[in-house]
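Every number for a ligand or one of its atoms is a count from 1 in the order of the listing.
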Amino acid sequence: MLPDVMAKNKPWMLVSLVILFWLPMALPLPAQQPQARIKIDTERTIGEVHPHVFGNFAEHLGRCIYGGIFEEGSPLSDAEGFRKDVMEATTRLGVSLLRWPGGNFASGYHWKDGIGPREQRPARPEHAWGAIEPNRFGTDEFLKYCERIGAEPYICINAGLGTVDEAREWVEYCNEARHTWWADQRRKHGRDRPWGVKYWGLGNEIDGPWQLGHKNAEDYGKFALEAAKAMRRADESVKLIASGSSNFGGAADWIGWNRAVLEKLRGEIDYISLHTYIGNRDNNFERFLAASQDIDERIEIVEGLIRAAQSGRPNPRPIYIAFDEWNVWYRARGGSEFDTGRTALQERYNFEDALAMGMFMNSFIRHANVVKMANLAQLVNVIAPIFTNKQGLFLQTTYFPLVEYGKQRNNVALDLLLSSPTYTVGNRRPLPYLDVSATLERGNRLVYLNVLNRSEKMDITGRIDNVEGRVAGEVGVWELNHPDLRAVHDFGNDQKVRPATRAFAAAISNNGFSYTFPKHSLTILRLKVN
Ligand code: AHR
């Protein structure tokens with residue numbers, strides 16, 4: 001029985017009851033914002049974020065060199081043939097170190113083909129990528145280019161089809177100050193002062209069966225040891241990077257290769273290289289950005305292998321990791337192992353790829369004690385943040401986070417305490433939705449807190465607590481976000497995926513504050529800590 005008053009106004013009362021009780025249950029509730037916690041302690045340091053972590057890579061591949069950084073006769077190029085627009089975009093990118101000439105290309109490249117008057121240089125078939133190499137861009141052009149963009153040069157020798165002597169003579173050509181045959185050749189070609197090339201790679205991915213002159217670990221170890229000895233006789237100050245594994249053959253093989261190389265070359269090398277390319281092949285955003293688990297793991301395994309190779313030696317030569325090829329790369333791959341020809345590997349990057357830049361950088365920063373060099377592969381057109389045609393260029397989505405992270409060079413990486421909602425991919429251990437790293441700019445007491453929210457659906461609110469010094473309420477925010485994960489840039493249309501910056505007035509309580517990191521976004525907060 002309904003009470004009297006209700007019975008009289010029965011239809012209205014029923015409607016009201018429905019509105020009051022049923023409707024709120026039927027409608028979805030506003031999503032619960034999960035809580036995360038990030039604790040900053042500027043005394044818990046990991047290591048310096050070395051400027052060389054903001055390195056890049058230019059290979060004779062597709063349109064990276066020819067039609068990318070170098071285009072003779074173009075109205076956009078200078079007298080040397082360097083594209084001025086590309087140079088300007090490269091300088092703004094803040095490239096600290098440039099690796100050259102490959103990559104796979106290096107294993108068939110004979111550097112003497114690329115010196116002297118350009119008209120006299122031989123054109124040769126190029127067997128790594130199926131093009132004709134005109135050799136119009138060679139050692140002197142590369143080194144001049146590095147000087148122009150303010151980047152340290154890093155040359156990878158030919159440890160495939162090349163010889164130990166060729167490698168030694170290359171060092172002599174670049175670095176010898178006295179009057180020797182090769183130093184005088186350099187002078188004849190216009191450069192009196194030595195170029196002073198400090199960083200030399202002892203080959204590229206020599207464990208990969210596709211590599212020209214591919215070797216097993218033992219043969220590579222012997223070659224690299226002799227090359228290192230001969231190159232150091234030419235210039236004892238050079239820093240050498242051993243060819244780490246290409247990841248061919250799965251975990252057992254890549255770990256085995258790196259272990260063997262480190263065993264053989266410890267005492268001679270300064271770095272071992274690591275390469276990682278990732279992709280979103282099954283169109284699963286959260287799985288794609290879970291790749292940090294692999295990246296972290298690879299670094300930590302190699303760090304352990306370095307330690308194992310050095311253990312028991314009283315004064316081991318320090319060996320660091322050169323992560324000298326990394327990027328997103330999965331669309332512009334051919335049916336065979338690699339795409340070939342002059343337009344190879346022209347990957348177009350979207351918004352989620354730009355977020356992946358933050359994921360890689362966070363991992364390098366978290367391992368700043370051992371990752372002392374990293375090279376995005378590559379610079380222009382070929383899996384690159386800069387894309388040209390004959391009329392100009394556009395900046396890919398991936399360009400912008402790289403510029404912003406670059407501001408943290410020379411900062412000290414901080415070891416954060418993080419708790420965050422987690423998710424699981426396959427049968428791997430759970431990983432936090434928030435992928436974070438932080439650095440401290442010591443002089444200005446500025447903390448950069450880098451936060452990637454890799455949840456596709458959830459904004460995540462974090463409580464940020466600071467331990468050492470007082471955190472100021474005025475927080476600088478840099479944020480990269482876009483409603484369309486697949487948004488891409490193009491010629492005349494590269495404004496879509498751009499960062500937003502603003503000041504955030506944090507409500508400070510107990511030396512901390514709350515901040516909401518939007519779903520699928522990359523945020524860099526700048527906090528003043530006095
Ligand atoms: O960066 C493209 C290619 O990827 C490089 O030439 C090779 O080293 C790697 O496999």
Point to revise | Within the 6.0 Å centroid threshold, strictly below: W200 and W111 | key: no
**Study point:** Atoms in ligand 1 with a heavy atom of E325 nearer than 4.0 Å
**Key:** 1 (O), 3 (C), 4 (O), 5 (C), 7 (C), 8 (O), 9 (C)
Exercise for review: Enumerate the atoms of ligand 1 whose separation from the nearest heavy atom of G103 is less than 4.0 angstrom.
Suggested key: 5 (C), 6 (O), 8 (O)
Check your understanding: Is the closest side-chain donor-acceptor distance between H214 and D207 under 3.5 Å?
Key -> no
Check your understanding: Would you say ligand 1 has an N or O under 3.5 Å from any N or O of E59?
Key -> yes
Review point. Does ligand 1 have a heavy atom under 4.0 Å from the side chain of N104, from its backbone, from both, or from neither?
Key: both
Practice item. Measure the distances from the heavy atoms of I383 to every atom of ligand 1 and state whether one is below 4.0 angstrom. Key: yes
Review point. If you measure every N/O of W129 against every N/O of ligand 1, is any gap under 3.5 Å?
Key: no
Practice item. Evaluate the criterion ring-ring contact (aromatic ring centres under 6.0 Å, His included) for residue pair F323 and F364; output intermediate values, then yes/no. Key: CA-CA 9 Å; F323 218 116; F364 300 156; 5.0 Å; yes
Practice item. Tell me, yes or no, whether the heavy-atom count around E236 atom CD, taken from other residues, nucleotides or ligands under 6.0 Å, exceeds 12. Key: no
Exercise for review: Please find out if less than 6.0 Å separates the ring center of H489 from that of Y399.
Suggested key: no
Check your understanding: Just checking, is any N or O donor in the side chain of N56 or N375 under 3.5 Å from an acceptor N or O on the other one?
Key -> no
Review point. Is the closest N or O pair between H275 and ligand 1 shorter than 3.5 Å?
Key: no
Revision key, fill the gap. Under 4.0 Å between heavy atoms, the region of V382 that gets near ligand 1 turns out to be neither
**Study point:** Part of F105 within contact of ligand 1 (heavy atoms, under 4.0 Å)
**Key:** neither
Check your understanding: Against heavy atoms of Q378, which atoms of ligand 1 measure under 4.0 Å?
Key -> 1 (O), 2 (C)
**Study point:** Any N/O pair W329/ligand 1 closer than 3.5 Å
**Key:** no
Practice item. Consider only side-chain N and O atoms of N481 and H520, and report whether a donor and an acceptor are under 3.5 Å apart. Key: yes
Study note, to complete from the structure: One finds that the ligand 1 atoms under 4.0 Å from a non-hydrogen atom of Y277 are 1 (O), 2 (C), 4 (O)
Exercise for review: Answer with yes or no after comparing the ring centroid distance for F248 and W257 against a 6.0 Å cut-off, counting only values under it.
Suggested key: no
